[in-house]
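These numbers come from a predicted model, not from an experiment. Convention: sequence-line order gives letters A, B, ...; per-chain numbering from 1. As a basis for the values below, the full set of heavy atoms in this structure was taken, side chains included, without hydrogen atoms, waters or symmetry mates.
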Number of protein chains: 2
Amino acid sequence: MVTACTLKHCAGKEYYCSLELTLQVIGGKWKPIILWRLGQDGTLRFSELRRIMPNITQKMLTQQLRELESDGVLHREVYPQVPPRVEYSLTEMGRSVLPVLSEMCKWGHAFEANHGTAGTTDGRAAGHATAPAADAPDTDAPDTDNDLGMAVGEV
Amino acid sequence: MVTACTLKHCAGKEYYCSLELTLQVIGGKWKPIILWRLGQDGTLRFSELRRIMPNITQKMLTQQLRELESDGVLHREVYPQVPPRVEYSLTEMGRSVLPVLSEMCKWGHAFEANHGTAGTTDGRAAGHATAPAADAPDTDAPDTDNDLGMAVGEV
DNA sequence: CGGTATCCTTCATGATACTG
DNA sequence: CAGTATCATGAAGGATACCG
């Protein structure tokens, strides 16, 4: 019988399934990129993060960083200097999410490859395959390695 | 040097990282639940999915299902009967996402457990731990097993 | 440098009604 | 039963300006 369905609360988030909680913590448009880059570089300043993600607005970046900090996945170190200096780094919990991101990335690659090819029950494909799997040689990291910051002006 | 940053397109989605693609395909408020339940039950009718997720509106359910179908992760079988009958099931690609969902769920549990305990660099905790890890005996499936449909009326 | 504060736009979500 | 169509809304996202 379907009776429980416990609505849970953690870190100010509502969810029914831990999976949803995970998506709320590491999901969204910017958080995965922030987390992955911090995982790569270890420590980054606010301005460095901005340079990595030219598309994000200052407000959004601050907001995402504060949420990640509040959720305990990243650490914010403020140096009380005259030109302010703030450094961000992953916590233990933050580092533990990297394998999850890797897995998601891996599946994304498989999706790209399988899209338009075979593997579906009915053999149908939505749209067209923009490219074969030739441009995705890696299989265990979000895209290539550390050039996953976007540099185009288009949204 | 950070120059490439290729903006990719797949299945009508824009993304810079396969990770983002994955989130667009399986992320969101409802898709993980739909996918997981179909993974559990194999095949479900439209009305059964509605019963599983009382909070979702008909429009949203249809929309999410169409997107998942269009992305090739689920199959839609229409039986041309007088009382319409439509059955949904996962494709190969859809089934391959289940381990990813499991991983995300596993991390969610770890997050719950670690929240307010230790493991962070600065030892701080946001909010309060609502419950210990005692009510989460499983470690490889989204929450318990098949009662992850929400049954409360509150949004 | 690293933010806040304010305002504005967009789009995802939702309620409701109607249909093959 | 399984939708589609229409309208409403509210939160997310973003542009801009100002501040310690």
Side-chain angles (χ1 to χ4, degrees), chain A residues 12-16 20 23-34 37-38 43-71 74-89 150 152-155, chain B residues 12-16 20 23-34 37-38 43-71 74-89 150 152-155:
Chain A
K13 305 175 199 327
E14 289 194 344
Y15 61 100
Y16 296 89
E20 298 178 71
L23 283 171
Q24 289 185 50
V25 176
I26 70 167
K29 193 176 178 181
W30 307 110
K31 288 179 181 176
I33 300 174
I34 295 172
R37 283 304 301 244
L38 285 177
T43 297
L44 288 172
R45 296 183 57 165
F46 187 82
S47 52
E48 293 175 314
L49 285 166
R50 282 195 67 185
R51 222 168 309 126
I52 287 168
M53 298 174 286
N55 288 345
I56 198 174
T57 59
Q58 204 167 27
K59 173 192 170 189
M60 272 298 111
L61 180 55
T62 301
Q63 185 178 307
Q64 303 298 302
L65 288 170
R66 288 295 145 85
E67 286 180 24
L68 289 169
E69 184 199 8
S70 164
D71 289 337
L74 73 76
H75 173 66
R76 180 169 177 262
E77 187 77 35
V78 183
Y79 296 87
Q81 303 176 349
V82 181
R85 175 191 185 85
V86 181
E87 286 186 350
Y88 295 90
S89 58
M150 51 223 49
V152 294
E154 182 203 9
V155 176
Chain B
K13 305 175 198 329
E14 288 194 344
Y15 60 101
Y16 297 89
E20 298 178 71
L23 283 171
Q24 289 185 50
V25 176
I26 71 168
K29 192 175 177 181
W30 307 109
K31 287 178 180 176
I33 301 173
I34 295 171
R37 282 305 299 244
L38 285 177
T43 297
L44 288 171
R45 298 184 55 168
F46 187 82
S47 54
E48 292 174 315
L49 286 166
R50 283 196 65 185
R51 224 167 307 124
I52 287 167
M53 299 174 285
N55 288 345
I56 199 174
T57 59
Q58 204 167 25
K59 174 191 168 189
M60 270 300 110
L61 180 54
T62 301
Q63 186 178 304
Q64 303 298 303
L65 287 170
R66 288 297 145 86
E67 286 180 22
L68 290 169
E69 184 199 7
S70 163
D71 289 337
L74 73 74
H75 174 65
R76 181 169 176 263
E77 186 77 35
V78 183
Y79 297 87
Q81 303 176 348
V82 182
R85 174 190 186 85
V86 181
E87 286 187 350
Y88 295 90
S89 58
M150 50 224 50
V152 292
E154 182 202 9
V155 176

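Taking both residues in full, the closest heavy atoms of B:Leu38 and B:Tyr88 are given as CD2-O, 3.3 Å, listed atom of the first, atom of the second, then distance. The two residues A:Arg76 and A:Val78 come nearest to each other via the heavy atoms NH1-CG2, 3.7 Å. Taking both residues in full, the closest heavy atoms of B:Thr43 and B:Glu48 are given as O-OE1, 4.3 Å, listed atom of the first, atom of the second, then distance.
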Side-chain donor-acceptor contacts of residues 61-68 of chain B below 3.5 Å, not counting sequence neighbours, with atom names and distances?
residue: B:Thr62; atom: OG1; partner: B:Gln58; partner atom: O; Å: 2.9
residue: B:Glu67; atom: OE1; partner: B:Lys31; partner atom: NZ; Å: 2.6

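Atom pair A:Leu49:CG and C:dG3:P shows a separation of 10 Å (rounding to whole Å applied). D:dC1 atom C1' lies 11 Å from atom CZ of B:Arg85, rounded to whole Å. Protein atom CD of B:Glu69 is 13 Å distant from nucleotide atom C1' of D:dG3, rounded to whole Å. Between the CD atom of A:Glu77 and the C1' atom of C:dG3 there is a distance of 17 Å, rounded to whole Å. What separates CD of A:Glu87 from C1' of C:dG2 is a distance of 13 Å, to the nearest Å. When the C1' atom of C:dT13 is taken as reference, atom CG of B:Leu61 falls 14 Å away, rounded to whole Å. Residue A:Met53 contributes atom CE, which lies 13 Å from atom P of D:dG13 at whole-angstrom precision. Atoms CG (A:Leu23) and P (C:dA12) sit 17 Å apart, rounded to a whole Å.
Listed by chain and number, the residues in a side-chain hydrogen bond (donor to acceptor under 3.5 Å, both in side chains) with A:Arg85 are A:Glu87 (sequence neighbours excluded). Remark: A:Leu23 engages B:Leu23, B:Pro32, B:Met104 in a side-chain contact (heavy atoms from CB on, under 4.5 Å) (not counting sequence neighbours). By the side-chain hydrogen bond (donor to acceptor under 3.5 Å, both in side chains) test, A:Lys59 pairs with no residue at all, sequence neighbours left out.
Between C:dA12 and A:Lys29, no contact under 4.0 Å exists linking OP1 or OP2 to a side-chain N or O. Distances shorter than 4.0 Å separate none of the side-chain N or O atoms of A:Trp30 from OP1 or OP2 on D:dA12. Residue B:Ser47 has a polar side-chain atom (N or O) positioned under 4.0 Å from OP1 or OP2 of D:dA2. Distances shown here put every side-chain N or O of A:Tyr88 at or beyond 4.0 Å from the OP1 or OP2 atom of C:dG2.
Looking at heavy-atom distances under 4.0 Å, A:Arg45 makes contact with sugar-phosphate atoms alone, never a base. Within the nucleic acid shown, B:Tyr79 has no heavy atom closer than 4.0 Å to any nucleic acid atom.
Residues A:Lys29 and A:Ile56 fail the side-chain proximity criterion, which asks for heavy atoms closer than 4.5 Å. Looking at heavy atoms from C-beta onward, A:Ile33 lies in side-chain contact with B:Glu20 at the 4.5 angstrom threshold.
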Between the protein and nucleotides 4-10 of chain D, list the N/O to N/O atom pairs that are separated by less than 3.5 angstrom.
residue: D:dT4; atom: OP1; partner: B:Arg66; partner atom: NH1; Å: 2.9

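Looking at the side chain of A:Thr57, the nearest of the listed nucleotides D:dG14, C:dT13, D:dA2 is D:dG14.
Separating the CD atom in A:Gln24 from the OH atom in A:Tyr15 is a distance of 9.0 Å, to the nearest 0.5 Å.
When the C1' atoms of four end pairs are superposed on the next four at each end of the helix from C:dC1-D:dG20 to C:dG20-D:dC1, using five pairs per end, the two resulting axes differ in direction by 50°, to 10°.
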